[in-house]
Amino acid sequence: MDKIYECGRKFADLLNCKYHLVVSGNRKIMKLTLDFKETDLRHISGLHYIDDIVIENSPSKLFTAILKKEITDDVLKKSRKYNSKELYEGGSIEERVSEMRFLERYLDENNFIRIYRMQEFGSKVMADFFIESTLKDLNSTVYIFLRKRQESENYVVVSFFKKYQTYRGVNLYWMLKEKIKENDSIELYRNQNYRYS
């Protein structure tokens with residue numbers, strides 16, 4: 001199966017999913033709701049960097065083209081930028097697409113994930129928070145960058161890539177992590193000191 005198709009199919013599964021995250025820092029509780037829209041895939045996967053071959057530029061049309069298998073691994077490999085490791089700070093786009101197939105698992109993991117408030121450190125990523133998560137069976141650690149959506153109070157994953165360098169931020173503490181899918185709530189983690197939902 002094409003990695004880009006698998007990436008698209010698994011991202012489609014997240015469209016009916018939200019994460020309710022409660023974190024604490026400086027004695028202040030922050031509640032974040034993370035949601036997903038089909039237009040998010042283009043930016044998260046890094047496909048917005050590809051401009052040396054013709055693929056859909058519209059985020060929603062790109063998502064549809066991936067699921068219709070009009071954009072495949074073979075199509076993307078025609079781009080010099082797809083395999084370039086010099087394009088941005090998180091490795092190649094191909095690596096990003098490959099790793100993104102496991103985005104839901106990285107978000108569900110509690111072995112345990114770290115979350116930070118962003119601070120100025122020279123990154124090109126514009127985000128409010130970032131999560132560091134490891135999947136031991138894949139021997140892989142990733143960064144998941146979150147930013148508040150302009151049109152709502154919810155948050156969106158704006159970037160996602162393997163950990164090749166260390167990012168620093170203000171360390172926050174997990175209080176609660178819930179996954180809400182099709183009106184079912186699954187508690188993935190609750191700090192023993194957290195009493196409110």
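Side chains included, hydrogens not; waters and symmetry mates left out as well; all remaining heavy atoms used.
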Salt bridge flag under 4.0 Å for residues E151 and K37: yes
- request: Evaluate the side-chain proximity of E153 to K148: yes if any heavy-atom separation is below 4.5 Å, no if none is.
  value: yes
field: Expected output: side-chain R80 to main-chain K77 donor-acceptor under 3.5 Å
entry: no
message: Please evaluate residues V97 and Y82 with respect to the criterion side-chain contact (heavy atoms from CB on, under 4.5 Å), reporting the C-alpha separation (whole Å), side-chain torsions for both, the decisive distance (0.1 Å), and the verdict.
response: CA-CA 10 Å; V97 165; Y82 190 61; 3.9 Å; yes
field: Between NZ on residue K81 and OH on residue Y49, distance to nearest 0.5 Å
entry: 10.0 Å
- prompt: Measuring from R96:CZ to K3:NZ, what's the distance to the nearest 0.5 Å?
  reply: 15.5 Å
message: Any heavy-atom pair between the side chains of Y5 and D73 that's under 4.5 Å?
response: no
Side chain to side chain, V156 and F36, heavy atoms closer than 4.5 Å: no
- prompt: If you round to the nearest 0.5 Å, how far is CD1 of I93 from CD of E95?
  reply: 10.5 Å
message: Walk me through whether F11 and F63 qualify under side-chain contact (heavy atoms from CB on, under 4.5 Å).
response: CA-CA 10 Å; F11 193 77; F63 182 76; 3.9 Å; yes
message: With heavy-atom distances below 4.5 Å as the criterion, would you say the side chains of L172 and F129 are in contact?
response: yes
field: Distance, nearest 0.5 Å, that separates NZ of K179 from NE2 of H20
entry: 15.5 Å
- prompt: Taking C-beta and beyond as the side chain, do L34 and L107 meet within less than 4.5 Å on heavy atoms?
  reply: yes
Intermediate values then yes/no, side-chain contact (heavy atoms from CB on, under 4.5 Å), V158 and F130: CA-CA 10 Å; V158 290; F130 68 97; over 6 Å; no
query: Does any N or O in the side chain of S140 come within less than 3.5 Å of the main-chain N or O of K136, such that one atom is a donor and the other an acceptor?
result: no
- prompt: Under a 4.5 Å cut-off applied to non-hydrogen side-chain atoms, are I4 and L76 in contact?
  reply: yes
task: May I ask you to say whether K177 pairs ionically with E109, meaning some side-chain N is under 4.0 Å from a carboxylate O?
output: no
- request: May I have the step-by-step check of side-chain hydrogen bond (donor to acceptor under 3.5 Å, both in side chains) for S92 and N83, ending in yes or no?
  value: CA-CA 5 Å; S92 74; N83 293 307; 5.2 Å; no
- request: Report yes if the side chains of I29 and M175 come closer than 4.5 Å at any heavy-atom pair, otherwise no.
  value: yes
message: Looking at every non-hydrogen atom in both residues, tell me the closest pair between E38 and L15 and how far apart they are.
response: N-CD2, 3.5 Å
task: Indicate yes or no: does E6 engage K10 in a salt bridge with an N to O separation below 4.0 Å.
output: yes
Ion pair check, R149 and D35, cut-off under 4.0 Å: yes
message: Is the shortest side-chain heavy-atom distance between H43 and P59 below 4.5 Å?
response: no
- prompt: Judged by atom type as modelled, is there a donor-acceptor pair below 3.5 Å linking the side chain of R147 to the main-chain atoms of M126?
  reply: yes
- line: Correct closest heavy-atom pair for D52 and S79 would be OD1-OG, 2.6 Å
